[in-house]
Structure formats: C-alpha cells, structure tokens
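For reference, the structure is listed below as structure tokens.
Values below: all heavy atoms of this structure, side chains included; hydrogens, waters and symmetry mates excluded.
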Amino acid sequence: MPEMPKTYDVASVEERILQKWLDGKYYARSKGEGDRTVVIPPPNVTGMLHMGHALDDTIQDTYIRYSRMNGYSTRWILGTDHAGIATQTKVDKKLKSEGVSRLEIGREAFLEECQKWREEYGGIIVEQIKRMGCSIDFDDEKFTMSPEYAKAVRKVFCDWYHDDLIYRGKRIVNWCPSCTTAISDDEAEYQDEKGHLWHLRYPLVEPVDGVEYITVATTRPETMLGDTGIAVSPDDPDKQKFVGKMVRLPIVDREIPIFSDWHVDAGFGTGFVKVTPAHDPNDYAMGQAHDLPQINIFDEHAIVVDGYGEFTGMTRDQCREAVVAWFEEHELLDHVDEHEHSVMHCYRCDSTLEPWLSEQWFVAVDRLKGPATDVVADGQVTFHPSRWTQTYMTWMENLKDWCISRQLWWGHRIPVFHCTDCGWEDALMEDTDVCPICGSHAVHQEEDVLDTWFSSQLWTFATQGWPDHPEELVGHHPTKVLVTARDIIALWVARMIMSSLYFIDQIPFEDVFIYATILAKDGSRMSKSKGNGVDPMDLIAMYGADAMRFNLLTLVTNNQDVKFDANIDKKTHELIDSPRTEAARSFVTKIWNAARFVMLNMDGYEPGEPQASTAADAWILSRLAKLTASVTAGIEEYRFGDVARELYAFFWNEFCDWYIELCKARLAQDGEGRLIAQRNLVFVLDSALRLLHPVMPFVTEAIWEYLPVEDDAPALMVAAWPDAGELSRWVDDEAEQAIQLVVQLVTSVRATRAAYGISPRQELAVSLRFTADDEDARAKRALIERQKDLIIALAKLSSLDILDHDAPRPAESGIDFVGDIEVFTALSGLVDFAEEKKRLETRRAKATKELEKLDKKLGNQNFLDKAAPEAVEKVKTEHAALVQELKLIDAQLAN
RNA sequence: GGGCGAUUAGCGCAGCGGGAGCGCAUCUGCCUUACAAGCAGAGGGCCGCAGGUUCGAACCCUGCAUCGCCCACCA
C-alpha cells in the first residue's frame, strides 16, 4: 500500500485534487432521486469575491456535495451579473485613468470596454470559485447579458408592457447631476452632515389676525424658487387659522396656498413647511394630494433653469448662497440654526443627489405583490431562519412601484421604440427602424437601460432555457434553495418570487437560507475603504480552502451577523492571521495524521465487514451511527454550524483521542484482533471522510485515494453518503456507557498523576473499590475486568486491582472518585502527603458546596411534587454519590 | 420613528427551562514512534442590569443599558 506523506502539503494537494475533479467533471449535474437544482447568486463582475461570497458559496457547495453523494439529482448553476451601475462606474474610472471619458468614445466603444472588463473579472471570479472547491457546473456558465438571457429579459419587459404592468411616468427620483442618471434608493448612500436650518419669512397676501408673514424652516433655501405651497400639521391647533390663506412667495412673486397635511410634524422647525413638489419626495406626495403645480427649477446638471433672473445659471450651492443673501437683504431672513441631517450621495461619484422630477419607467407592483405574499404566507417558500419571513412580509406590504429605468449605457436597453413622426410607441422583441403605422424611418429606441435587478429577477428560470426551451425547466424548477444575504431579500429575493410566479406560474425556490453578515473583528462592516476586509484568497493561501470552509461553516448559526476573527495590518491592510481559521487548519492536519496512522498499520489487511468485537468497537460504531444520522439531518435543516462542530468533536475527541488509542494494543499484536481493528479503523475512517467531505472536500478526497476501500466511485466526491438507516443497527448504548467508564477511569488516573507531577513514564499501581455491592456494581466490575488491559495501557499502569467492596483501603495512596468507584493510586515514595491532604480538602470543600445545593433542592417539597420524576431521580442519585464521596474523603483525611 | 439581532472565560463563539461549554490564548508536565499544526492535565465566568413567571431561569416574559443591522424619515 502506498505510504502517505508525513506532512500534508495543503497548497499542492488542493491544486492537484482540484484538477482531478475538473478532469473528471464530477461537478457536472448528477442524476438521482429528487431534484436539487441550486442557482448561485450571481456575483457582480465588478471585482473579486469577498468573505460574503466565500460563505455563501461554501454553504451551497456543502449542500450540493452532500446532496450529490446522497443520491439526489443535483445541479448547481454558475453565472455572473453584469451589475449595470457598479460595472459602469468601474469602467468609467478605468477610462478616466487613461485620460478619456465615456462620452468621448461613445456608447458602442464604451460597451466594448465593459465587455472586456466583464471577461477579465468574470474569469477571475470563476477561478476563485474553483479555488474554494465549489462543485458548480463550470461547463455551463450563465451571464445576465448573454444573448439568450437578454432575450428572456426582453420578453419579460414586452409582456409586462403589454399587460400594462410597465408604464412611463414623471416621478421624483434620486438624480445624480454629475452622472446624469437616476439611481435607485438602494444605490444612494446617506451621510450625516452638519448643515443649517434657515428660517425664512414668507409674507401673507392678507394679514391673519394681524400676523403679516409666516416663517418656514428649510435646509435647502435654494429650492424655494420652486415652492408651490405651504403645509401645516392637521394636529397643530394654532396653525389652522392659516389654512386656506395665501402667501406671496418672495423673489418669484407667486401666490401659493397654505394647506394642512399629515406629513408635517408640528413639533419640528416652525410648523410651517415650504412645499417644493419637484425637488423633494415628500413634497411631491403632498403636491399630488393637494393638486399643486410641480415646478422644476434645475436642469439635469442641477443648474437653475431659465426664468429666474440673476439666479438662472447658478449651481445649487451658488443659488443657495444667493437666495439666503436676498432674504437677508430684504429682512426676510428670520434666523439660522445649526442643524445636522443626513444627505444622500451618489455611491459612484459621491455627488449630492438631487431629488428630481423626471421621466422614468416603472413596474406596477399591485398585481404582482399579492401572489408573492401568498406563497410565503402559506409556506410554499420558507425562510431560514424563519424570522426573515417577517422582513419579507413587511417589505411586501410597503412595496411601491419599481423604477426600472437607468440612464446608463451598460445594461439591457429598454426595448421600446417610438416614431417621432406619428407618435407610435411599442415594446418589441425585435429591433425595428421603420414605423409600422406611418412607415417613417424616424423610429428611435429608448436610450435608457434597465435596472440590474430587472434582469437578475429571472435568474432561476432564465438560466434554465426559458423562454425558448421550457422543457429544460421540467423537473428542475422550482429550485431547491436560494442561499443569500439578508440585504437583498427585498431587492432580489422578492422580485424573483414575483416574476417567477408571473411568468412560469411557479415559485422560484422552496427554501431561502439567509446567512449571517460577516463583520470585521471590531463589529463594523467589512469595507474596502476602511481596509478591514479579508480576502478569501488570502485565507486560502495562508491556511487552505478546507480550513477556510470549515471555519466559515462553524459561523453558520441562528445569528444574523458574526464577527470574523482575523487580524489585519492597519497600514498595509494585509491579513496577518486568523486564529479560528488556523484552528480549522489544525483539524485538517489532524485528519491527515489520523488517516496516516491507520495507513501505517495496514500490513496484512484483508477487506471485510466491520465487527463490534470489543466494547471499544461497539462504542465507535454506535457513535458513528448517531453521527451519521445527526449530520444528515443537520445539513437537511441547514444547521451547518452544528454539523461542523459535531464532525469535529467526533473525529478528534472520539475517533482520534480514544478509538485509535484503544486500538493500538490490538494492532501491536498479530492475529484476528489486529485484523478486526484494521477493518473497523478503515470503516470508521472511510465513513467519517464521507461525512466530512462536503465540508472539507480537498483533504478528504486526498486521503480517500489511499484508503483500501472497495468502491466503484472514481472519487470520494461522487461516492455514496453513509446510510444512517443502515448504520442504525450499530447503535449500542451499553457499549457507549462502558467506554465512558473506561474514559473516566483513565482520566482520573491521569489527573492524579498531573496533580502530583508524576512523570508520564512512571508506571502506577492502581486499585479500584466499589462502594456498593449490588448488581450494578458487579456489572461494572465485570466490564472493567474485560477492559483491564486497555485501562492499564492508556493510564500507563503497572497493575490494576479490583478490590472487594469491604476490602481495606491501600495505604499511602491518592484517592479519586468515578461515580461510586474509588480510585486508589499507590503513591508511596512518589509524593508528599501534605500535598495530598491539601488536595483532598479542596475537593471536600467543593463537594460540600455542591451537596448544599442539592440538599436545598431536595428539601423543597414543590420540587419533589412538581418536577419531572426523572429530574428528581437524577438529583437523588447525585446526592447519594456526593454523600458517599464526602464520607470517603473524610475517611481518607482521618487516615 | 418602526423592526430585527447581539450582550456567556482575555479573544471569537456554541448552548436557549433541570449538572456553565467549545476553539484560541494562559499555566503545568510531556518529543508517550499518526500528529509539538501534537499529547496529558489545570486555572479562569454575579451567562449585560433590574424586575417577573416557574418547584427550578444563561435559557421564557417585561423594562432598561450598550453595540450592531435593516426599513422609513430628517421641511
């Protein structure tokens, strides 16, 4: 048999194993019972993957690998998102650094630049996904702007357009005057800024009760040029007398009405609000409700338009200054307060956004939201953890029409054509340059492109042949689970549900798994600008993909965010270390070494069934059976953190720490015992590797190549998942108790040894004495007799005697207790007995304190009456044991 | 303003109604031929604060504090 290298060389092995998988195309769709199609949330082609992707992809890969091994039909669909605004920004910046702008090179050349960018970064992203070990369908990569996908997007637009779900309208949008595009609310960044609250006086046309003017408070005095009303709160009694009166707007000399509206907070400012419907979302809403004119005072660059005299041609800032100066000059500036408020900025160029009235395209959501709410309410689509259901529902309730047009170039161009001659307009699947009505060639396509989410909402079905090959969807849609981050529940998850229900009358996925947001160690968001981000590729380079994956999965609990334990150099922003990932790497190494030990003891091995020939065998097989059931259920329920911890505890603390040690004596001898131990070791190791494989695919695959298991599978990755039902025949609670006793006895002797500083090489004579002489004690005694050699070997004893229950205590011995068994360790000539006395006294104090607690409990009649009988019984047993222990300690002390 | 989450050992986290746990770090002793990326042992906790429910609360309820996230708003 080939010998395993002494050390596990992570980098070279992971590289080789990856190639093996790719060569074998084991990542491709698998056939089986029950469909498990999963779509990857398409990463943006803007750059590299971050820790969120690493977590997302690790979860999906673990799930898919498990499902593949467990005989499901699987397919994990790969793809990337063109990410309109984000990519365009990156390409803009790149061009700028080369000294050109997109306006100079034109739309066509710019799109070519975007394509180039996409090819480069899309390629990098796919390489990174490979490097993490993801078993995704690499031969069939999707892209939200591929010709097939574009066709799906276009069909969705046209169908909705013709079903009156898409309309064009003038609305207030977040406008970036520098990028000259609308951006969505989620693309706006709020920043708290110190500003001012200017109090301006507006004269009343007719005095009211002798009052000649009212005072409004505003943070944006420049917008007063577009004021068309003044609002007061309906809950403000002092102001009601002004309602219905008119105000003469200074500078523009316009008469505007005072009205009452619920938007107004009587307690803020002066209680009078200037209303500028064209330049504020709230004012727009009030303007709609009260039928006010919408006066746009800015052009697309936020320059004051014609007709405002000296103010025309000014920027927002210049205009603000000039307006304030004018009010001051005319003694209409009441006063100015300092005021902190948050201001929206463009996340691309950081300009202050202008709420701006412009022509945009919208999706009417009224007919879409009902069905999308129902499928979640009735459990067809289930969120995990369940609390996200509420987030979803709340968002659906408050859903407003969706602005889908973007004044960008990189994206799906809106397929609406109009004729400037006759006014014809339609959404078309094929481009045209002739008007079908008047035959004119004055036909133009809309310049705007669609919001990126408009295309990604189709992801589950447009990646699977829709609309041209609907047969591809059969059996593979709805997909099984969507694994994603919580911040796109509204932006993406909800929209996928809406569009999927509309177009293919199916939910897009059965489950939505929302994982925790990964924060930096200090609890703040990881971000490039703060330099506290961790690059998954750095972690892989330092510790390997398996270690990163394992660590990430331990973080998957019910929590909604989690701090990533990594240290980063404050100056260079480079990763220094990640203690938790390092610990995970130790686990990888441990697995390698344990396997290596097994392989070093394979001389004379002949394949055969596992066999519970000793208590140790029965125990480990029982533990394995329970682990298999638990891990299987854990993955099915998306409890990845539990799964990782259980695997760790079994492999390290049970298999390595005890079973391997318990086998060493048998392995050292020739004969049947050795063969049985070999077979059991191979069986348990093989099973454990299978269970570990979805979590740590590389090291398990590498080890499996050495294992002498007969299996048709060409790789562990496509080998069978252990069958919990089949294994359940090994469950053996008695054996588990027996080994637990062995472990306790060995640990007891080791603790005594450590307490006295006795060398591990010094063999000790130990005798055991049972405090009782009942059936239970006799059974335990028989068991210990059977495991005597094991205990002697593991505790490094010269002898192990079992005394009769009434035998005298051995002189000059240390004492310890394992339940009702006294453990005497002969210490004659080895220790200072004053020490032992001190030790016993400490122990006595502890036991006394514990006993008091139990006494109190048992003295409580309510406890005896109301608590579960098992609970009472347990306390009674513990109580008896403690009483016995104290008696023994006292006897020992008296000695 | 509305909602959600967190607060447990120095650090990062599990546990979520009946004995306070894991990993790292710390201390002690070990190169016991699978593993020093290891082995054995040990120390370290008013389980955020205050009430309540319960025979019994880290766990359930209420309030508070601190930190964080999401949504809305900020004239």
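Taking the side chain of A/V273 as heavy atoms from C-beta on, and the options B/C35, B/A75, B/A40, the nearest nucleotide is B/A75. Minimum atom distance to the side chain of A/L519 is reached by B/G68, of the listed B/A75, B/G41, B/G68. Closest contact between the side chain of A/P579 and the listed nucleotides B/G5, B/C24, B/A34 involves B/C24. Of the candidates B/G12, B/A34, B/C74, B/A34 carries the atom nearest the A/L600 side chain, counting heavy atoms from C-beta on. Ranking B/A37, B/C39, B/C30 by closeness to the A/R761 side chain, first place goes to B/C30. Side-chain proximity of A/K274 to B/C24, B/A34, B/A75: nearest is B/A75. For A/D657, counting side-chain heavy atoms from C-beta on, the closest listed nucleotide (B/G5, B/C35, B/C39) is B/C39. Comparing B/C55, B/A75, B/C4 by their closest approach to the side chain of A/R387 singles out B/C4. Checking B/C24, B/A34, B/G41 against every side-chain atom of A/T747, the shortest atom distance belongs to B/G41. Of all nucleotides listed (B/A34, B/C30, B/G18), B/A34 comes nearest to the side chain of A/I660.
The base of B/A34 is paired with the side chain of A/E661 by a donor and an acceptor separated by under 3.5 Å. A donor and an acceptor atom sit less than 3.5 Å apart, one in the side chain of A/T589 and one in the base of B/A37.
Across all strands, A/N559 comes closer than 4.0 Å only to sugar-phosphate atoms, never to a base (heavy-atom distances). If you check every strand for non-hydrogen atoms under 4.0 Å, A/K6 touches sugar and phosphate atoms only. Within 4.0 Å (heavy atoms only), A/Y648 reaches sugar-phosphate atoms of the nucleic acid but no base atom. Nucleic acid contact class of A/E582 (heavy atoms, under 4.0 Å, all strands): none. At the heavy-atom level, A/R596 lies under 4.0 Å from the strands shown only through sugar-phosphate atoms. Residue A/R753 is out of contact with every strand shown, counting any heavy-atom pair closer than 4.0 Å.
Between A/K664 and A/E661 there is a salt bridge, since at least one side-chain N of the basic residue sits less than 4.0 Å from a carboxylate O of the acidic one.
Side chain to side chain, A/D816 and A/T752 fail the donor-acceptor criterion of an N or O pair below 3.5 Å. A donor atom on one side chain and an acceptor atom on the other are not found under 3.5 Å apart for A/N653 and A/Y648.
When both distances must be under 3.5 Å, the Watson-Crick or G-U wobble mate of B/C47 does not exist. Nucleotide B/A25: unpaired (no Watson-Crick or G-U wobble partner with both distances less than 3.5 Å). Pairing of B/G68, defined by two Watson-Crick or G-U wobble distances under 3.5 Å, is identified with B/C4. The partner of B/C31, taking Watson-Crick or G-U wobble pairs whose two distances both stay under 3.5 Å, does not exist in any strand shown. Of all nucleotides present, none satisfies the Watson-Crick or G-U wobble test against B/G56 with each distance under 3.5 Å. Remark: B/A14 base-pairs with no nucleotide in the shown strands. Criterion, Watson-Crick or G-U wobble with two distances under 3.5 Å.
Between B/G56 and B/G18, the distance separating the two C1' atoms is 7 Å to the nearest Å. Annotation: B/C31 and B/A36 have their P atoms spaced 13 Å apart (nearest Å). A distance of about 15 Å separates the P atoms of B/C49 and B/U66, rounded to the whole Å. Annotation: B/A57 and B/U53 have their C1' atoms spaced 10 Å apart (nearest Å).
Side-chain nitrogen and oxygen atoms of A/T517 include none within less than 4.0 Å of the OP1 or OP2 phosphate oxygen of B/C69. Contact between the side-chain N/O atoms of A/T394 and the OP1/OP2 oxygens of B/C71 is not found at any separation under 4.0 Å. Contact annotation: A/S586 reaches the phosphate of B/G38 (side-chain N/O to OP1 or OP2, under 4.0 Å). At least one side-chain nitrogen or oxygen of A/K590 sits closer than 4.0 Å to the OP1 or OP2 atom of B/C39. For B/A34, one of the phosphate oxygens OP1 or OP2 lies less than 4.0 angstrom from a side-chain nitrogen or oxygen of A/K664.
The CZ-C1' distance, from A/R750 to B/U32, rounds to 10 Å in whole Å. If you take CD of A/E397 and P of B/C70, they are 21 Å apart, rounded to a whole angstrom. The distance between atom CD of A/E873 and atom P of B/C55, rounded to the nearest whole Å, is 21 Å. Look at CD on A/Q560: it is 12 Å from P on B/C71, rounded to the nearest Å. We find that CZ of A/R486 is positioned 14 Å from P of B/G68, with the value rounded to whole Å.
Looking at A/R674, its side chain never comes within 3.5 Å of a backbone N or O of A/Y605 through a donor-acceptor pair. With A/N593 contributing its side chain and A/T589 its backbone, the two residues share a donor-acceptor pair below 3.5 Å. Looking only at distances, a side-chain donor or acceptor of A/W592 sits under 3.5 Å from a matching main-chain atom of A/P5.
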Checklist entry - side-chain hydrogen bond (donor to acceptor under 3.5 Å, both in side chains) between A/R486 and A/T517: does it pass, once the steps are laid out? => result CA-CA 8 Å; A/R486 64 163 178 274; A/T517 303; 2.8 Å; yes
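Taking the ring centroids of A/F383 and A/W388, they lie at or beyond the 6.0 Å cut-off.
In terms of position on RNA chain B, the residue among A/K866 and A/R645 whose nearest nucleotide sits closer to the 5' end is A/R645. If A/F587 and A/W198 are placed on RNA chain B by their nearest nucleotide, the residue sitting closer to the 5' end is A/F587.
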